[in-house]
Novice: 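First the structure, then my questions, so here it is.
Order of listing sets the numbers, starting from 1, for every ligand and every atom in it.
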Amino acid sequence: MKPVMVVVLVDALGWTLAGREPGFAPALPERRALATVLGFSTGALPTAFTGRTSSEHGRWLMYARARGHGVFRGFGALRLLPRRVRESARLTRLLDRLVAGRGVHGYFNLYEVPRGELPAFDLPERDDIFKPGGLPCDSIWDALERRGVPWRGWNWRTPEAEARAQALAELSGGRLDFLFLYSAVLDARLHHEGSHGAGVRASVSEWSAWFDAAAAAAARAGREPWLYLCSDHGMVDVRVTVDVMARIDALPFRRGRDYLAFYDSTMARFWWRDPAAREAIRNALAAEPRGRWLSREDLEREGAAFADARFGDDVFLLEPGALLLPSFMGHAPVAAMHGYDPSHPDMAGILAANRPLPAGVTHLAHLRPFLERELDAALGAGTRRVGAAS
Ligand SMILES: [Zn+2]
């Protein structure tokens, strides 16, 4: 039987979360923790798909500093609107459409980034990262195209239930050699409910059972199912909120004039204009016990050091379980968060399969080369591979 590869990436499915579910994914007996990267899915997914670090592929966090005119050019005038209008859902919908119309085909969210401050920033993800040519460097999707592999992928653009059903139909049809499914449903439920939520448990057991259905569908088409479940990071339950912005706003320096700042859920990032502001802010946050300034060495070790400081001259990171509140992501607390030090046990993702997992595959960056070696084996086991260019 010629194998068919089925790769499912469930965003935020942590190793500890999966381990808590009795009888999790019986179709996938080989399993282990997969170490993640510092940051969020905007950097982690490109690492999974390219096998490279953020500083190599250029993607780390959703918002970077604008160089020249970014996608938010002209948005500065929004600061003149009355606050009620500026913070309205209606204006956000309008701005969403405007940004998409300016050529942003990737995932973005304006969250609660102050509308008038948007022109200082830009969205590095412009293309569909789940497609060939969608990333700044060679990805697994480019490799599939080059090799002429019949494949199909689903991502957040398709509702999860539809994607699952379509994938099962494709498997029964037997036409494809490689299927890829990405879902962000569990990630959203985890943020909302925390790791012990009912919706979270339902999501984990649905995926657990789906692999049995996938194996059966492949077998109906006379194909041997090679099944893989992976994730880009785990999730940490929020224990405490930290008002970083209050500490900064109490200082005699003004955002936008003396420094630029971007407040993610777990990080505060700064670009300095006035050295006095830098010194005062660095001292003020050094007094915050629930976080620390990342050194150049920290960022280099995490593969997130950028020579042009596009993601910040200095980055302050909260400890696992602490949530920056308010932040540019929102003013309402969430139950769980990621984007912490990758060494925290709940931050690790998972790799599970019904195939042997080589000892060296332990980190998210190992996923792409591992899957390509599996593809070699799968194609070698069936027909000859077509036109491998590299
Ligand atoms: Zn998330």
Side-chain angles (χ1 to χ4, degrees), residues 8-18 33-49 54 59-64 106-113 123-125 129-130 155-160 163 181-197 199-204 206-207 229-242 262-269 302 304 311 317-342 344-350 364 367:
V8 177
L9 199 161
V10 177
D11 200 299
L13 177 56
W15 171 247
T16 52
L17 180 67
L34 201 60
T36 187
V37 292
L38 180 67
F40 299 89
S41 296
T42 44
L45 291 175
T47 290
F49 300 158
S54 279
R59 298 290 165 74
W60 188 31
L61 304 164
M62 188 179 292
Y63 285 83
Y107 178 73
F108 73 93
N109 192 322
L110 298 178
Y111 298 109
E112 294 178 19
V113 185
L123 297 168
E125 186 177 317
I129 63 166
F130 299 92
N155 55 63
W156 53 266
R157 293 168 177 87
T158 309
E160 186 185 66
L181 286 94
Y182 167 84
S183 171
V185 170
L186 177 65
D187 179 82
R189 290 185 184 174
L190 277 161
H191 284 304
H192 184 67
E193 302 175 355
S195 69
H196 292 276
V200 166
R201 293 202 60 184
S203 191
V204 171
E206 279 167 35
W207 278 116
L229 169 64
C230 55
S231 58
D232 53 345
H233 57 77
M235 187 77 79
V236 181
D237 286 317
V238 169
R239 291 175 289 103
V240 63
T241 63
V242 181
F262 196 97
Y263 296 103
D264 293 295
S265 304
T266 64
M267 291 179 202
R269 299 181 279 137
E302 303 300 342
F311 293 101
L317 174 68
L318 291 187
E319 67 179 26
L323 180 73
L324 217 139
L325 203 80
S327 75
F328 284 4
M329 304 287 123
H331 63 274
V334 293
M337 190 41 73
H338 49 106
Y340 300 111
D341 188 325
H344 187 277
D346 289 345
M347 280 302 299
I350 187 172
L364 191 60
L367 192 61

Novice: Residues two or more places apart in sequence or in another chain: which of them pass side chain to side chain contact (heavy atoms under 4.5 Å, CB included) with Ala202?
Specialist: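 Once residues adjacent in sequence are excluded, the partners of Ala202 under the side chain to side chain contact (heavy atoms under 4.5 Å, CB included) criterion are Arg189, Glu206.
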Novice: Donor-acceptor pair, His233 side chain versus Gly349 backbone, under 3.5 Å?
Specialist: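 Between the backbone of Gly349 and the side chain of His233 there is no qualifying donor-acceptor contact (under 3.5 Å).
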Novice: Tell me how many protein N, O or S atoms are within a distance shorter than 2.8 Å of the Zn ion (ligand 1).
Specialist: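 Those protein atoms number 4 in total.
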Novice: Which residues pass the ring-ring contact (aromatic ring centres under 6.0 Å, His included) test with Tyr340, not counting sequence neighbours?
Specialist: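 For Tyr340, no residue satisfies ring-ring contact (aromatic ring centres under 6.0 Å, His included) once neighbours in sequence are set aside.
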Novice: Parallel under 30°, tilted from 30 to 60°, perpendicular over 60°: which one fits the rings of Phe262 and Tyr63?
Specialist: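 Phe262 vs Tyr63 ring planes: parallel.
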Novice: Salt bridge (charged side-chain N to carboxylate O under 4.0 Å, His left out): which pairs involve residues 319-333, sequence neighbours left out?
Specialist: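 Sorted pair list: Arg239-Glu319, Arg290-Glu319.
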Novice: Using only atom types and a distance under 3.5 Å, with no angle test, would you say the side chain of Asn155 pairs donor to acceptor with the backbone of Arg157?
Specialist: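 Answer holds: yes.
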